[in-house]
Amino acid sequence: MDEQVRLKEQSQAEKDAKKMLEKYDRESQFREHIGKWAWIVTFLGVALTVFHIYAGYFGTLPSQKQGAIHLGTALGIIFLLYPAKSGLQKKQKTVPWYDVILAFTAMYVTYHKIIFFDSIIQSRISGYSMLDTIISIVAILLLLEATRRTVGIPIVIVASVMILYALFGKYIPTQVLSHPGFSFNRVATNLWYQESGVFGTPIQISSKFIYLFLFFGVMLVHTRIGQFFNDIAFALTGRFTGGTAKAAVVASALQGMVSGSSVGNTVASGSFTIPMMKKAGFKPEFAAGTEASASTGGQIMPPIMGAAAFIMMEYLGVSYAVIMVAAIVPAILYFTGIFIGTHFEAKKLGILGLPKSQLPNLKEQMIRYGYMLIPLFVIIGTVMIGFTPQRAAIYGIISTYLVSLIRKESRMSLKKTFYVLEQGARVALPVIAAVATAGIIAGVVSITGLGAKFAAGIISLSSGHLILALFFTMIACLILGMGLPTTANYVVTATIAAPALINGFDLAPIAVHMFVFYFGIVADITPPVCLAAYAGAGIARANPFKSGVTAVKLAIAAFIIPYIFVYNPILVLVDVTALELTVAIATAVIGMMGVSSAMIGFFIRHSRVWERLFMFIGGMCLILPEMITNFVGIGLIGLVWFIQKQRKDDSGGLEQQTPSQVTS
């Protein structure tokens, strides 16, 4: 009977999760019934994945050819899968004739680069023909429409404004931003045929690295690793104070290692963890905020770190191992802050852990399913010893397939293998469209010199003060993040804002790029547009705005730490010794405790307003990797601890709640 109830609850959770994805995740609004065209989609999807595996193992094609196959096939699948308007995916039972025409037209105008590759290369010197211009215009329009369907309208608006800027920049009255303007022919052909536009660095990295790592994540999902991570999380933390919330944080951190979607992570984990948090006594807004903030952190969690980290590698000219290592300490601090925040909230509400009888056994889980971690160790190991990211991804994919054969429930039949190959393409579609459109934005920046003008504007606006320049850049990242996916957001800010900070203030490049990367990510939980928090609120039946505010309070580390590693890049391992790093991590963790306590309003007792202020200042002082500030921070936190220890009442100006009151 209990098993039947569990299966029924699981089935309902899956249905709720699907509804949330369709509502908040544009990527999930695809046609489920496409009739005879399903065979074409399957063929194209499987062929695209097989092509990337083959190219990753035996060597990639010239970047323009590989990018054309990568983008052209993706555009064809997008028009066959995604309807022109949200909501039509449930009404349409097949692919409309006009979308079939758009699909094959998009494939042709992109494959045209391969078919006439030599003549197009020659045209860069002799000039492009009228046919080349027409094809480039049609191709850009189809790319923008495909991006609108898979990602949403904001990024299309940004790209369109950039194209208009390239065409009509001479009419802008502001001297700083104006430029002579270019002809329609030059803008279109530059953006489509040159390597600084659509087929620039972002799409090249997508075709070489990102696709393979996304497919690696799909493979892991189909080996039951998500459930294994949940079980491990509950086995590790479930019995402690507020165990359900802590387990949600740990599970999201683990799942973040293989997935890079804030909304997807929130829905996948939240459909299971949010009801459990509510049942334990946490408020719906807190449950939603916890899951959203933890799931958003998945994009900064090595080894995969979402798609943008691979582009960062190329922009910085360093190995992926350097990016992974630099991201470790900030990621630890991010999740530590959320973990501590859930602890203080649970203490404040009197929420205890789960009985041992209701928790998975850690030893049994590791003995039975520990082998599932092998692919992750393969990925990390091969990258760290110097293999290219492509080769590391290939070895990870191979090891995942071999691991799936160990148990019957995860073993892939021929039919399931084809299904997983197709899913690899489907998961990559929004990323491919987003990075290609981001290439338009980067291309306009390149041909108009907008980057240098933006840099001059930032320095002028901040009057040469670094803190103001960082603040303005943060606001820009958050605003862009409201409408752009993380990858596209990073491409734009890394192209425009990062050079301004690096050249204008002589900062460590990796610290600056991590700065814009972080703030592009936390836009997913920052009100008013915080899609991950909205998705969590939908599952929790909570107020979306309050859920977003709660997520920000829990993820406060993500708003503080980027400033710290720009001012003192010890936390991203620039010019640091082992002793300095150890001290920096230890004091930063204690600092996160102080900041989290201030956000929640509880330490060892309910905190008064001045105590919260002292905890926040003390926490900030400890996060700063300086000896003097460390002593000040420890003194302030120690003072609050001593005063609260002596206080007999626990009100702190607030009404104390008992566990029974909370549960009821």
Side-chain angles (χ1 to χ4, degrees), residues 237-250 277-290 293-294 333-355 546-547 549-557 559-560 586-623 629-664:
T237 64
R239 67 186 183 277
F240 299 113
T241 300
T244 52
K246 291 176 179 176
V249 176
V250 174
M277 283 188 272
K278 289 175 63 180
K279 189 176 180 180
F282 289 103
K283 295 177 182 178
E285 287 78 13
F286 189 85
T290 298
S293 57
L333 295 179
Y334 178 89
F335 284 104
T336 298
I338 301 172
F339 190 90
I340 293 172
T342 61
H343 174 79
F344 285 133
E345 180 73 11
K347 293 287 285 185
K348 184 169 75 171
L349 298 177
I351 299 174
L352 304 177
L354 295 172
K546 288 182 178 178
S547 299
V549 172
T550 301
V552 169
K553 287 166 63 177
L554 287 168
I556 191 67
F559 293 86
I560 298 172
T587 54
V589 168
I590 300 172
M592 285 314 308
M593 179 186 69
V595 172
S596 297
S597 171
M599 292 292 106
I600 300 300
F602 189 93
F603 189 28
I604 58 175
R605 300 182 189 279
H606 285 82
S607 299
R608 295 186 172 94
V609 173
W610 69 267
E611 291 173 336
R612 295 177 71 168
L613 181 62
F614 273 34
M615 290 297 288
F616 184 81
I617 296 173
M620 290 291 294
C621 287
L622 280 162
I623 294 172
T629 58
N630 287 344
F631 283 120
V632 173
I634 290 173
L636 289 173
I637 292 176
L639 176 63
V640 174
W641 176 86
F642 179 78
I643 291 172
Q644 290 196 359
K645 195 76 173 175
Q646 303 305 309
R647 195 165 70 223
K648 299 300 181 185
D649 72 290
D650 191 28
S651 63
L654 299 171
E655 182 181 349
Q656 171 73 1
Q657 290 179 296
T658 65
S660 60
Q661 288 174 321
V662 174
T663 304
S664 62

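Values reported hereafter were calculated over all heavy atoms of this structure, with side chains retained and with hydrogens, waters and symmetry mates removed.
Rounding to the nearest 0.5 Å places CE of M277 at 15.0 Å from NZ of K283. One distance of note links OG1 of T629 with CG of L622; it measures 7.0 Å at 0.5 Å rounding. The NZ atom of K645 sits 5.0 Å away from the CD1 atom of I604 when rounded to the nearest 0.5 Å. The distance from atom CE of M592 to atom CZ of F339, rounded to the nearest 0.5 Å, is 13.5 Å. For the atom pair CG of L636 and CG of L613, the computed distance is 9.0 Å after rounding to the nearest 0.5 Å. Within the model, atoms CD1 of I590 and CD1 of I637 stand 7.5 Å from one another, a figure rounded to the nearest 0.5 Å.
The side-chain heavy atoms of E345 and F602, taken from C-beta on, include no pair separated by under 4.5 Å.
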Query raised in the report: What do the steps show when you test I351 against T241 for side chain to side chain contact (heavy atoms under 4.5 Å, CB included), and what is the final call?
Result: CA-CA 6 Å; I351 299 174; T241 300; 5.8 Å; no

Query - CA sep, side-chain torsions, deciding dist, call: E611, F603, side chain to side chain contact (heavy atoms under 4.5 Å, CB included) - result: CA-CA 9 Å; E611 291 173 336; F603 189 28; over 6 Å; no

Query raised in the report: I643 and W610: side chain to side chain contact (heavy atoms under 4.5 Å, CB included), yes or no, with the steps?
Result: CA-CA 12 Å; I643 291 172; W610 69 267; 3.3 Å; yes

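Closest of all the heavy-atom pairs between R612 and S607 is CG-CB, 3.5 Å. Taking every heavy atom of both residues into account, T244 and A280 meet most closely at OG1-CB, 3.6 Å. The two residues K246 and T237 come nearest to each other via the heavy atoms C-OG1, 3.6 Å. The minimum heavy-atom distance between A248 and A294, with the atom names listed, is O-CB, 4.4 Å. The minimum heavy-atom distance linking A245 with T290 is given by the pair O-CG2, 4.1 Å. Annotation for L554 and S293: closest pair CB-OG, 3.9 Å, computed over non-hydrogen atoms.
Crowding of F344 atom CZ: a count of heavy atoms from other residues, nucleotides or ligands under 6.0 Å exceeding 12.
Listed by chain and number, the residues in a ring-ring contact (aromatic ring centres under 6.0 Å, His included) with F286 are F282 (sequence neighbours excluded).
K553 contributes no side-chain N or O that, together with a main-chain N or O of I600, makes up a donor-acceptor pair within less than 3.5 Å. With hydrogens and angles disregarded, no donor-acceptor distance shorter than 3.5 Å links the side chain of S596 to the backbone of M593.
Side-chain contact of K348 with H606: a donor-acceptor pair under 3.5 Å is absent, judged by distance alone.
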